[in-house]
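Below, chain A is the first sequence line, B the second, and so on; all start at residue 1. Because only heavy atoms are used, hydrogens play no part in the values below, and waters and symmetry mates are left out as well, while side chains stay in. Remember, predicted model here, so these are calculated numbers, not experimental data.
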Amino acid sequence: MKKFKGLLLISAIFFLLGGCDKDFIELNTNPYAVTDLDPALLFAGAQRSHLGGWETEHTIVQHFVNPFNSGATLGPNFNADIDNFNNGKWDGSYPNIIKNLVQALSLLEGSDRVNLRSMLRIWKAQVYMGLVDTHADIPYSNAGQAFLKGSEYFYPSYDDDAAIYADLEKELKEAIAALNPSGDFVSADLFYGANGSAKTTTATAQVDKWKKLGNSLLLRLGMRYSKLDANKAKTIVSEAFNGGVMKSNDDNAWVKYDGTLFTNGANGGLVNNNPYFYYAAEPLVEQLKTTADPRGPFIVATYANPSNPLADPKPVTDLASQFGVPVGVINTDLTKPAYRGAKGGGYNYSQMNVNVVASLTAPDFWVTYPEVSLLLAEAAQRGWIAGGEAAAKQYYEDGIKADIKRYALYPKSSAISDADIATFLASPGVAYNAADALKLINTQLWIAYIRNGTQAWANFRRSGFPALSPNKFNNLLNGGFIRRLSYPDYELAQNRTNYQNAVKAIGGTDNLTTRVFWDKE
Amino acid sequence: MESLEGRVAGLNITPPAAGAGSSMQIRLRGQAAFAGANNAPLIVINGLPIDQGARGVNGLGTPRDLGDNLSNVNPDDIESMTVLKGATAAAIYGARAANGAIIITTKSGRKNQGIGVEYSSNYSTQHALNFFDFQTEYGQGTGGKRPTSGANAATTGHFAWGERLDGAPTPIFDGTLQPYSANPDNLFGFLQTGTDFTNTIAMSGGGANGSFRASFSNTDAEGITPNNEYNRKIANVGINHNISKKLKLQLNINYTNEQQVNPPQIGTQGPGAVNFFTRLATSIPLSALKNSAVAANGTETLTSGFQGTLLNPYYALAVGQRYETERNRFLSTATLRYDLTDWLYVQGRYNYDFALSFTESHDPGGIGTSVPTNADGTFKGAYNLSESKGTDVNADFLVGGGKEFGKFSVDANVGGNTWRVKNNGFNQGSSNFIVRDLYSIGNGSVRSQSYGFSQYRVNSLYGWAELGYNNLLYLNFTGRQDWFSVLNPEDNSELYQSVSGSFIFSELMKNQKWLSYGKLRASWAEVGSSNGVNPYDGLLTYGISQNQFQGQTTASISGNSAPNRFLRPFSVEEKEIGLEMRMFGNRVTIDISAFDKITTDQVLDVQLSNSSGYNTSKENLGSLKNSGLEFLLEVKPIQTQNFSWTSSWNHAFLATKVLSVGAPSEIIVLNWGATGNEFIGQLRYVEGLPMNQVYARTYLKNEEGQILLTDQGRLIPSVDYVSFGSSIPKHTGGWNNTFTYKNLSLAVHFDYKLGGVVISSTALNANRQGHSKQSLVGRREGEKGVVFPGVYRSNEQPNTTAVDPATFYADYRNNQMGDIVTFKSDFVKLRNVSISYNLTDLMRKSNVLGFIKGLSVTASCRNAALLYKDIPDLDPEAIQSSGDFRSGYENTSLPTTRNFNFSLNAKF
């Protein structure tokens, strides 16, 4: 009996030892997880990249202002370096967009989907260009690869901004060259795919659009060198132009929001959270008023109660009644005799038009034909492309006309007749003349870039136009403008060594007045 | 569980003030692991191990406390509760007890007793305690001016930078005129008295071969916030039966049904009554907030400039915001033991734990907005349903025996265990309502649904042996091997062992009359655990978007963590020595122990630079040390026939240190920013420093230590963040006194926690919005602003510039400076006073009531008095959630309460 029991015991132990981790692999596999999918879907999910915000980029170029200084709202509106406002592009690019673009590219290694690959590279270049324009040196060659390459890439080093631009130029050129009209059709593309805002159905048509998009980005990149190295600018610009850039509003890279499942996130604050904080800035309103800009009524409006603009059934949009909040004035001063005083829950000033440009269903534009046309106007004026002043004037007028027509895509806008456009183009302050060409062209770009804050700010720094007066509320910027945003505070905590090396490389201080490499004084 | 508070050295229990049915924070010997791991001790109920499972407020998107697993046990059903500290607990219960174990045994009747019935009833009331001491000199307004119109007042309700209160009629947010005077108790006018009524009836009996007990209890509770209700029913059966002389059966079944309605939202700057009432100017009367809560178009009337974050709870009550959850839990254990011989036995045990819960919530669309519709014309609002189910099976066998050989004794056993867990859950939601305020799935034009599933298993084999010599010397050895399914198959098991010994030196000193018992003990133990690794970690997965954009399906990588397939178990190594002595006829007892616990290879969410594309990655890289001293002294100064007085004091000293964090920066930052609107401070683990360091910026100073200011007299922050100290208290303890006179006994209990630090977001907001007494500095009689004592940075001359107080105090937040909002979390409290009277003797003497075999009544008061604290305007215990992510950060928890309790216990 004892022997039998002993045997039972021992056999039980062996049985258990043998079976101790049987089935574990199957047990630890999630039957419902998606571990493999078409990288084109990742591309579609990463196309809506960060465009710049009202309270940051648009405030810096004086389109928009929040005059309240009550704590959470202190930022570029009073020349202050606040992490909350500096991090938008960084936080909106690396963890969502770049991570997915990099993963999609790695999934395509060895595949024959050359067009999808090129689109990913072009779009990645677009995102990085925005990051460099915002912060100067940034992580680039080692970024976004924590999963793909492991722990050595957990804390990426920062690359030099000029070197990144050179690589972006190479990326764009190579990607454009690799586009193949008889290659794959990327139906998931949100711009030109099967469900795109400018649909195409064949690879030929889609490749044609992407070539134009790629070259337009190259044109933008080339123009950035205008202050630093005119020859280099000329080379890149003419190459882009010869490659073929956007020719009409049908080539625009844009998306629309249905208002139910998806709304325009950047406008959420203006409409839903304390609207009485947000106003149009005086320089923008003055420009629209003095030139009687037909786009004015779509951009700004006044409401019966600034703390609830959506409730007003009849907002006032005629330009004569519009007044922008002056830059650098604190809200408690707005009730003093020199200013227009309180109204409803806010102040008696114009706000952004929440039914059109700042609507929750307003579309988003990344690269547009009006922008391209205006940049070509400047290129022609400088002699970087053929045609001289006559071509410059043509591009200039075409650009403005196209931009006015572009507003047809916004909700609740109305058509502007060709006659009105012609009147506008001939009016003083808008009519083209060679002496003021740069000022005229770049002021129109400043208006065309409304809701693309990153480009509005970059072009303002590059061209110096419009001739805005610096925010004199305090001397934190030494009487100048914000030339870059500082790095996120947590980089100092988490990526200390690389962060400190980068700060040294950009000049020693991580502040708002250090300049990006192309922003020569 | 609260009865253990301050009575066991090293056991730190904090019941967060989180509403009726909320969870507890239980920590034995400190926080053994970084936040995010399960740091509570294991609860073992009749041999069934269950995690405490606190579903507490963690700030990470869960603003409601949904209780924990301890609520499944009725305290009246508990026969015994033992606390096993240290890793020796793990030697018996495995990796899950790495943080210690609380062993609970429920009653199963007693042999050879006739049928008896026991009834107990418990009624308690909870009264919110008010420690707020805000300023009552200035009312609503900005820039030194009171509101001029209703519309103007509606956007400045959160600021008290107005004029001096003079009682004159002044417009408030709803357009009416109200006296411009102080209303300091608005929050407490909103809160109500909480109540808790529990009744238990139990029947037990026993014969020669066994015994049983069956009980049923019902609890009805109302929290201090209106509409917060909690009901719990527990049915418990325990059976003990000797099937034959050698075969014994033990069966325990416990079924709990809990219904929790509207647990209050706390712990973030956002929804919640406390957040609302304590951040509005004192000149707004409570009646207006109640009567004018609903605007003409059905949305919430605008009361302040923080429309999305200060939400009027009266509005939520008026429009039916609701959160209701029902939990069913079935816990059962069956144990069969067979005595093979008189020294060898075999035991098999099967535990089955089944949980089913259902939650439904209504989120009205008018909260925090003035626009009732979305961009597409549908109505705002959301409805959510979820159901989850879990089964936990624990089966084990044990073969053991003991024999004596002369003066030596040997006890040994060998066994194995398999623990299998399966969880699944459904979630459905709808929003963008077609019909206004109709909360149903069918009414939503945007719908979402998800299904979650996970399972894992741990198999173990273990053995234990104890050698004894002459009742004098004992030596224990344990060995255990666990196999974890969640780890990489190439390295998924861990073997760990422990050895301990005790020396009962009083046996050698039997002639010493003063010493009745003395034991010296020492132990060394190791535990391995996969705590922190979840099933399916290690694989990169993609999320396909629920809705199509422009008609196009999009996808992205799921989550922000870079998966790691190569995670190993982490190990805890603990050394302990202890001394226990009972002296002077058991009138003096001393128990001292010192321990040192090192955790290595802990699985951590290592913080990456997010430019790597990911925010975190799990790695086996964390290492930390918890060491301390625990001390218990019990004295019976008076012991006579009728009167006795027992006094016991326990104290624990805990020192922690982070040994490694696996990142080259040597720090890990836990970001509170992810929780929504928190704007100051960071919790860091820094190599070489104690755990849970609270970091913020501070004043920029020159070499002489003078504070530097701008030319406008305003603050300049230091470049780097600095440490304000650790949030973990260094000293915890309690002092109990029990006085007994015949049948009357009085217990008085104090406890304290000292040495931790906390950043108060209530203070931060109260300063920058003008509510705190601190914010009066700068606008007192004769002052025209804040002249801060410092020197100008430009010329180092003393500062004479006055700064508008609103701007000055806002700078602390803008610059992330923690100086005037960091406090000590220390406190000393008179925790409990209770009187109880045993009427059993009285009953026995009476003829009519002789059938009553036992009767006692108790009255007690909990949180009777707060004797010392450092943090202004709050109870230091109103700061914790039961998790560890918010350690050191206070953010609008409910006020703590003073509870009065009356209970009656009768045996028939």
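When heavy atoms are compared at a cutoff of 4.5 Å, A/L42 approaches chain B by way of both its backbone and its side chain. With a 4.5 Å cut-off on non-hydrogen atoms, A/D189 does not touch chain B at all. Heavy-atom distances place both the backbone and the side chain of A/A188 under 4.5 Å from chain B. Residue contact with chain A, scored on non-hydrogen atoms closer than 4.5 Å, is absent for B/K422. The parts of A/P95 that come within reach of chain B are both its backbone and its side chain, each placing non-hydrogen atoms under 4.5 angstrom from that chain. Contacts of B/L302 with chain A are made by side-chain atoms alone, with heavy-atom separations under 4.5 Å and no backbone atom involved. Interface remark: B/S545 contributes no atoms to any contact with chain A (heavy atom separation under 4.5 Å). Heavy atoms closer than 4.5 Å to chain B are found in the side chain of A/Y276, but not in its backbone. When heavy atoms are compared at a cutoff of 4.5 Å, A/L310 approaches chain B solely by way of its side chain, counted from C-beta outward. Heavy-atom distances place the side chain of B/S617, and not its backbone, under 4.5 Å from chain A. Neither the backbone nor the side chain of A/P39 comes within less than 4.5 Å of any heavy atom of chain B. For A/A342, no part lies under 4.5 angstrom from a heavy atom of chain B. Both the backbone and the side chain of A/L190 have a heavy atom closer than 4.5 Å to some heavy atom of chain B. Residue A/T29 touches chain B through its backbone alone, counting heavy-atom pairs closer than 4.5 Å. Of the two parts of A/S197, the backbone and the side chain both hold a non-hydrogen atom closer than 4.5 Å to a non-hydrogen atom of chain B.
Within 6.0 Å of atom NZ in A/K256, more than 12 heavy atoms from other residues, nucleotides or ligands are found, so the atom counts as buried in its surroundings. For CD1 of A/I25, the number of neighbouring non-hydrogen atoms (other residues, nucleotides, ligands) closer than 6.0 Å is 12 at most.
Note on B/N547, B/D537, B/V446: by heavy-atom pairs under 4.5 Å with chain A, the leading option is B/N547. Contacts with chain A were tallied for B/V458, B/N432, B/N297, B/T142; B/N432 has the most, counting heavy-atom pairs under 4.5 Å. Counting heavy-atom pairs closer than 4.5 Å to chain A, the top residue among B/D720, B/L539, B/T148 is B/D720. Among the candidates B/G308, B/G143, B/S556, the residue making the largest number of heavy-atom pairs closer than 4.5 Å to chain A is B/S556. Ranked by heavy-atom pairs shorter than 4.5 Å toward chain A, the options B/F549, B/F453, B/Y721 are led by B/F549. The greatest number of non-hydrogen atom pairs below 4.5 Å with chain A, out of B/Y809, B/Y812, B/Y451, B/W161, is found for B/Y451.
Remark: A/T361 OG1 to B/N374 CG distance equals 11.5 Å, nearest 0.5 Å. To the nearest 0.5 Å, the span separating OG1 on B/T369 from CG on A/N308 amounts to 7.5 Å. Rounded to the nearest 0.5 angstrom, B/N564 CG and A/F147 CZ are separated by 10.0 Å. Atom OG1 of residue B/T309 and atom CG of residue A/N274 lie 7.5 Å apart, to the nearest 0.5 angstrom. Remark: B/S454 OG to A/N30 CG distance equals 8.5 Å, nearest 0.5 Å. Note that OG1 of A/T332 and NZ of B/K145 are 10.5 Å apart. Values are rounded to the nearest 0.5 Å.
B/E619 places a side-chain heavy atom less than 4.5 Å from the side chain of A/F154. For the pair A/L74 and B/R813, the minimum side-chain heavy-atom distance is 4.5 Å or more. For the pair A/D489/B/R697, a side-chain contact is recorded, criterion being any heavy-atom separation below 4.5 Å from C-beta on. Looking only at side-chain heavy atoms (C-beta outward), B/N610 and A/W90 come within less than 4.5 Å of each other. The shortest distance between side-chain heavy atoms of A/N28 and B/Y456 does not fall below 4.5 Å. Side-chain contact between A/N100 and B/I557 is present, with heavy atoms from C-beta onward closer than 4.5 Å. By the 4.5 Å heavy-atom criterion applied to side chains, B/Q550 and A/F262 are not counted as neighbours. Between A/P31 and B/Y536 there is a side-chain heavy-atom pair separated by less than 4.5 Å.
Taking the six-membered ring for Trp and the full ring otherwise, B/F484 and A/F24 have centroids separated by 6.0 Å or more.
Checked by atom type and distance alone, the side chain of A/Q494 pairs as donor or acceptor with a backbone atom of B/L608 at under 3.5 Å. Side-chain atoms of B/T554 do not come within 3.5 Å of backbone N or O of A/L41 as any donor-acceptor pair.
For the residue pair B/S611 and A/P156, the shortest heavy atom distance occurs at OG-CG, 3.5 Å.
Side chains of A/Q145 and B/S612: a donor-acceptor N/O pair is absent below 3.5 angstrom, by distance only. Looking at B/Q682 and A/Y490, their side chains never bring a donor and an acceptor atom within 3.5 Å of each other.
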